[in-house]
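One structure is given here, and the rest of the page talks about it.
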Amino acid sequence: MKLLEGKTVLVTGASTGIGRAAAIGAAQHGADVAINYAHSDGPALSCVAEIEALGQRAIAVKGDVADPQTAQDLVGKAVEAFGKVDVMVSNAGICPFHAFLDMPVDVVERTFKVNLHGAYFMVQAAAQQMVRQGHGGSIVAVSSISALVGGEYQTHYTPTKAGVHSLMQSTAIALGKHGIRCNSVLPGTILTEINKDDLADVEKRQYMEARTPLGRLGQPEDLAGPIVFLASDMAAYVTGAALLVDGGMYVNLQ
Ligand SMILES: NC(=O)C1=CN([C@@H]2O[C@H](COP(=O)(O)OP(=O)(O)OC[C@H]3O[C@@H](n4cnc5c(N)ncnc54)[C@H](OP(=O)(O)O)[C@@H]3O)[C@@H](O)[C@H]2O)C=CC1
Ligand SMILES: C[C@H](O)[C@@H]1OC(=O)[C@H](O)[C@@H]1O
């Protein structure tokens, strides 16, 4: 069964990793897809090609989500290409691991701007378009297990993920009257570009694996099903919710 037939889905940060898997997952479920990315032209174009090979339409719109104008551009270009916006997957993010005591100001500010301001303006631009259209919509934000737990080298990152989780709770209230549902997914540790260097440390990787009851770290595709589900009418009465997708890592105390 295709869950997103005829829908237009926007995904930020979809050149690689979780966003790419979500974009392709949406296309496999019958959606046309507009993707955003910041730097990686080749991977973004290959994501578009992969979606087109599935028989769906796709566009790639380059832009830094930290700039509020990028959100207006993405929504505008998606409407130009596909006529409407039904789903926004706000996913773009960075996690430059760094110790707390000597954290550079610019690293903190950039992480906040990309991860939290970026999500805020993307969600707002998509919601404005959905309200104009008048037939509701679905917003899925990629938060993290890090919204709920800390990380020694992530003191600038975890507050942004808690912020994204909170943003979905507040927008669920603000947008419910317009038939727009807002939910987040909270991935555990998923093998992508964002943690390639961090997990090159064999001890760290084995530690993270050992913390995961399902016995392996996640793949980007592990997020596609949960994101498609929350985006779709299968989740018609789900809003303000947060879905852990972590192989059980969060509950694994002892
Ligand atoms: N991997 C993990 O273990 C987890 C990841 N997450 C979250 O998942 C999301 C995706 O990360 P993941 O797939 O792992 O990592 P990747 O590094 O593979 O993907 C990040 C994506 O975001 C894009 N991006 C980065 N900065 C910007 C920007 N300023 N403007 C627009 N796009 C940008 C990148 O595009 P480009 O390559 O063009 O720069 C890329 O498409 C992030 O929000 C992350 O916090 C949450 C929990 C766990
Ligand atoms: C980048 C990390 O490896 C990853 O991102 C998160 O949000 C979690 O902290 C994961 O471990």
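The figures that follow rest on heavy atoms only: side chains count, while hydrogens, waters and symmetry mates do not. Atoms within each ligand, like the ligands themselves, are counted from 1 in listed order. Numbering of residues begins at 1 and proceeds along the displayed sequence.
The CD atom of Q128 lies 10.0 Å from the CG atom of L175; values are rounded to the nearest 0.5 Å.
Residues passing the salt bridge (charged side-chain N to carboxylate O under 4.0 Å, His left out) test with D246, sequence neighbours excluded: none.
Residues V11 and A22 come closest through the heavy atom pair CG1-CB, 4.4 Å.
Salt-bridge annotation for E80 and K77: absent, with no side-chain N of the basic residue lying under 4.0 Å from a carboxylate O of the acidic one. Between D86 and K7, none of the side-chain N atoms (NZ, or NE/NH1/NH2) sits under 4.0 Å from a carboxylate O, so this pair counts as no salt bridge. For R205 and E209, the salt-bridge test passes: some basic side-chain N is under 4.0 Å from an acidic carboxylate O.
Sorted by first and then second residue, the side-chain hydrogen bond (donor to acceptor under 3.5 Å, both in side chains) pairs involving residues 221-244 (not counting sequence neighbours) are R216-D222.
Using modelled atom types, one finds a donor on one side chain and an acceptor on the other under 3.5 Å when comparing S46 with R20.
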Could you list, one pair per line, each nitrogen or oxygen of ligand 2 together with any protein nitrogen or oxygen closer than 3.5 Å, giving atom names and the distance rounded to 0.1 Å?
unit_1, atom_1, unit_2, atom_2, d
ligand 2, 3 (O), N195, ND2, 3.2
ligand 2, 5 (O), Y157, OH, 3.4
ligand 2, 7 (O), S144, OG, 2.5
ligand 2, 7 (O), S146, OG, 3.4
ligand 2, 7 (O), Y157, OH, 2.6
ligand 2, 9 (O), S146, OG, 2.7
ligand 2, 9 (O), Q154, NE2, 3.0
ligand 2, 11 (O), T189, OG1, 2.8

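Checking each of V142, I145, N91, T192 against P187 for a side-chain contact (heavy atoms from CB on, under 4.5 Å) leaves exactly one that passes, namely V142.
If you look at ligand 1, the protein residues with a non-hydrogen atom under 4.0 Å away are G13, A14, S15, T16, G17, I18, N36, Y37, A38, H39, S40, G63, D64, V65, N91, A92, G93, I94, R110, V114, V142, S143, S144, Y157, K161, P187, G188, T189, I190, T192, E193, I194, N195.
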